Colleague: 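Have a look at this one before I ask anything.
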Amino acid sequence: MSIIIKSPQEIESMRIAGRLASEVLLMIGEHVTAGVTTNELDNICHDYIINTQKAIPAPLNYRGFPKSICTSTNHQVCHGIPGHRRLKNGDILNIDITVIKDGFHGDSSMMFCVGKPSVKAKRLIDTTYQAMKIGIDMVQPGVRLGDLGHAIQRFSERHHYTVVREYCGHGIGRIFHEDPQVLHYGTPGMGMALVPGMTFTIEPMVNAGKRHVKLLPDQWTVVTKDHSLSAQWEHTVLVTEHGHEVLTRRPDEEF
Ligand code: MF3
Ligand code: CO
Ligand code: CO
């Protein structure tokens with residue numbers, strides 16, 4: 001595979017898909033409350049994507065994934081499958097939304113807290129957001145993927161957290177996961193240089209404990225080996241002539 005540079009017309013489609021993904025995250029927030037099941041959150045998102053947005057939830061049946069969104073709680077790192085468990089006060093969770101509109105993907109995830117989070121959980125969530133933002137802020141032509149990965153890793157580790165290595169950001173467009181791989185760790189000056197028209201995600205997974213993860217028997221849910229808390233945020237980003245555009249930006253966000 002190789003990098004697919006998007007045309008102005010394709011970029012316009014990516015903007016629309018990105019906006020839809022962000023709007024699902026804005027919509028679902030008020031439903032994340034104690035007592036709700038992650039299946040119920042999945043149903044609400046599925047219905048909204050299909051019936052309101054007239055779009056397609058990309059995860060559904062993707063390589064056999066059984067639901068329309070990913071919900072990863074507490075020590076779950078990513079790819080959690082919505083189920084019958086009820087959220088309770090103090091839980092933190094990532095909701096990861098990918099929609100397809102007119103053939104193009106928009107992919108974004110964010111953290112939610114049920115009730116008031118612990119100080120530890122809030123610190124992890126906020127630091128992980130900052131780690132993602134540091135990566136996004138660096139995006140411009142000529143910057144290398146290794147520069148991004150290094151900055152995200154260095155920032156996270158400076159806060160005594162660890163970065164998951166087994167999963168990474170990815171090119172995105174007509175294909176959900178295309179080249180390049182966007183590692184959230186790395187070496188400055190290494191990796192490919194960014195070029196205008198590239199679209200990819202930045203989606204660091206940051207653990208409060210050790211970086212190691214394991215896959216649950218359901219073959220999807222990734223958890224921390226030491227059961228420490230994990231957080232993740234994700235945006236889809238376009239490289240522009242002189243910088244970047246965050247295609248899944250929500251109105252309250254700075255970039
Ligand atoms: N949205 C995830 C990502 O950020 C991928 C989910 S794949 C699924 O790349 F099959 F688990 F949905
Ligand atoms: Co992604
Ligand atoms: Co995602």
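Note that the coordinates shown come from a computational prediction; the quantities given were computed from them, not determined experimentally. Each ligand, and each atom within it, is numbered from 1 in the order the structure gives.
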Colleague: Decide whether an N or O pair under 3.5 Å exists between H79 and ligand 1.
Modeller: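 No; the residue has no nitrogen or oxygen that sits under 3.5 Å from a nitrogen or oxygen of the ligand.
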Colleague: List ligand 1 atoms under 4.0 Å from P59, heavy atoms only on the residue side.
Modeller: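 Every atom of ligand 1 under 4.0 Å from some heavy atom of P59: 12 (F).
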Colleague: The Co ion (ligand 2) is nearest to which N, O or S atom of E234?
Modeller: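 Result for E234 and the Co ion (ligand 2): OE2.
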Colleague: Which value, rounded to the nearest 0.5 Å, describes the distance between T224 atom OG1 and R211 atom CZ?
Modeller: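 Taking OG1 in T224 and CZ in R211, the distance rounds to 13.5 Å.
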Colleague: Can you tell me which N/O/S atom of D107 has the shortest distance to the Co ion (ligand 2)?
Modeller: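 The Co ion (ligand 2) is closest to the D107 atom OD2, counting only N, O or S.
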Colleague: Under 4.0 Å from any heavy atom of F65, which atoms of ligand 1 are there?
Modeller: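 Atoms satisfying the 4.0 Å criterion: 8 (C), 10 (F), 11 (F), 12 (F).
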Colleague: Tell me whether the rings of W233 and Y129 are parallel (<30°), tilted (30 to 60°) or perpendicular (>60°).
Modeller: perpendicular
Colleague: How are the rings of Y167 and H79 set to each other: parallel, tilted or perpendicular (split at 30° and 60°)?
Modeller: perpendicular
Colleague: First locate atom CZ of R85, then atom OG1 of T73, and finally report the distance between them rounded to the nearest 0.5 Å.
Modeller: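 Here the interatomic distance stands at 4.5 Å.
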Colleague: Minimum distance, heavy atoms only, to atom 1 (N) of ligand 1: which one of N61, D96, I97 is it?
Modeller: D96
Colleague: Considering the heavy atoms of T98, write down every atom of ligand 1 situated less than 4.0 Å from one of them.
Modeller: 1 (N)
Colleague: Measuring to the Co ion (ligand 2), does H177 have an N/O/S atom at a distance below 2.8 Å?
Modeller: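 Checking H177: none of its N, O or S atoms is under 2.8 Å.
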Colleague: Any idea which N/O/S atom from H170 gets closest to the Co ion (ligand 2)?
Modeller: NE2
Colleague: So H159 and Y161, would you call those rings parallel, tilted or perpendicular, with 30° and 60° as cut-offs?
Modeller: parallel
Colleague: Is E203 close enough to the Co ion (ligand 2) to have an N, O or S atom under 2.8 Å?
Modeller: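 True for E203.
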Colleague: For a side-chain contact (heavy atoms from CB on, under 4.5 Å) check, start with the C-alpha distance between I44 and D42, then their side-chain angles and the critical distance, and finish with the verdict.
Modeller: CA-CA 6 Å; I44 294 165; D42 178 68; over 6 Å; no
Colleague: For the pair K54 and D102, find out whether any cationic side-chain nitrogen is under 4.0 Å from an anionic carboxylate oxygen.
Modeller: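 Judged by the 4.0 Å cut-off on N to carboxylate O distance, K54 and D102 do not form a salt bridge.
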Colleague: If the threshold is 4.0 Å, N to carboxylate O, is there a salt bridge linking K88 and D91?
Modeller: yes
Colleague: Does F176 come within less than 4.0 angstrom of ligand 1, counting non-hydrogen atoms of the residue?
Modeller: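 Yes, F176 has heavy atoms under 4.0 Å from ligand 1.
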Colleague: Just heavy atoms, cut-off under 4.0 Å: does A58 contact ligand 1 by side chain, backbone, both, or neither?
Modeller: neither
Colleague: Give the atoms of ligand 1, by number and element, whose distance to some non-hydrogen atom of H177 is under 4.0 Å.
Modeller: 3 (C), 5 (C), 9 (O)
Colleague: Is it the case that R249 places NZ or CZ above or below the six-membered ring of F255, under 6.0 angstrom from the centre and within 45 degrees of the axis?
Modeller: no
Colleague: If you measure every N or O of Y62 against every N or O of ligand 1, does any of those distances drop under 3.5 Å?
Modeller: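 Y62 vs ligand 1: no N/O contact under 3.5 Å.
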Colleague: Taking non-hydrogen atoms only, is R63 closer than 4.0 angstrom to ligand 1 via side chain, backbone, both or neither?
Modeller: neither
Colleague: Under 4.0 Å from a heavy atom of E203: give me the atoms of ligand 1 that qualify, with their elements.
Modeller: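 Listed by number with element, the hits are 3 (C), 4 (O), 9 (O).
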Colleague: For ligand 1, is there an N or O atom under 3.5 Å from any N or O atom of W220?
Modeller: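 No - when backbone and side-chain N and O of W220 are compared with those of ligand 1, no distance drops under 3.5 Å.
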Colleague: What part of D107, side chain, backbone, both or neither, has a heavy atom within less than 4.0 angstrom of ligand 1?
Modeller: side chain
Colleague: Is K67 in contact with ligand 1, taking contact as a heavy-atom separation below 4.0 Å?
Modeller: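 No.
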Colleague: Inspect the contact between K6 and E178 and indicate whether a charged nitrogen and a carboxylate oxygen are less than 4.0 angstrom apart.
Modeller: yes
Colleague: For a side chain to side chain donor-acceptor pair (under 3.5 Å) with S109, tell me which candidate from T71, N94, T248 qualifies.
Modeller: N94
Colleague: Looking at T236 and G18, would you say the former's side chain and the latter's main chain have a donor-acceptor pair under 3.5 Å?
Modeller: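 Absent.
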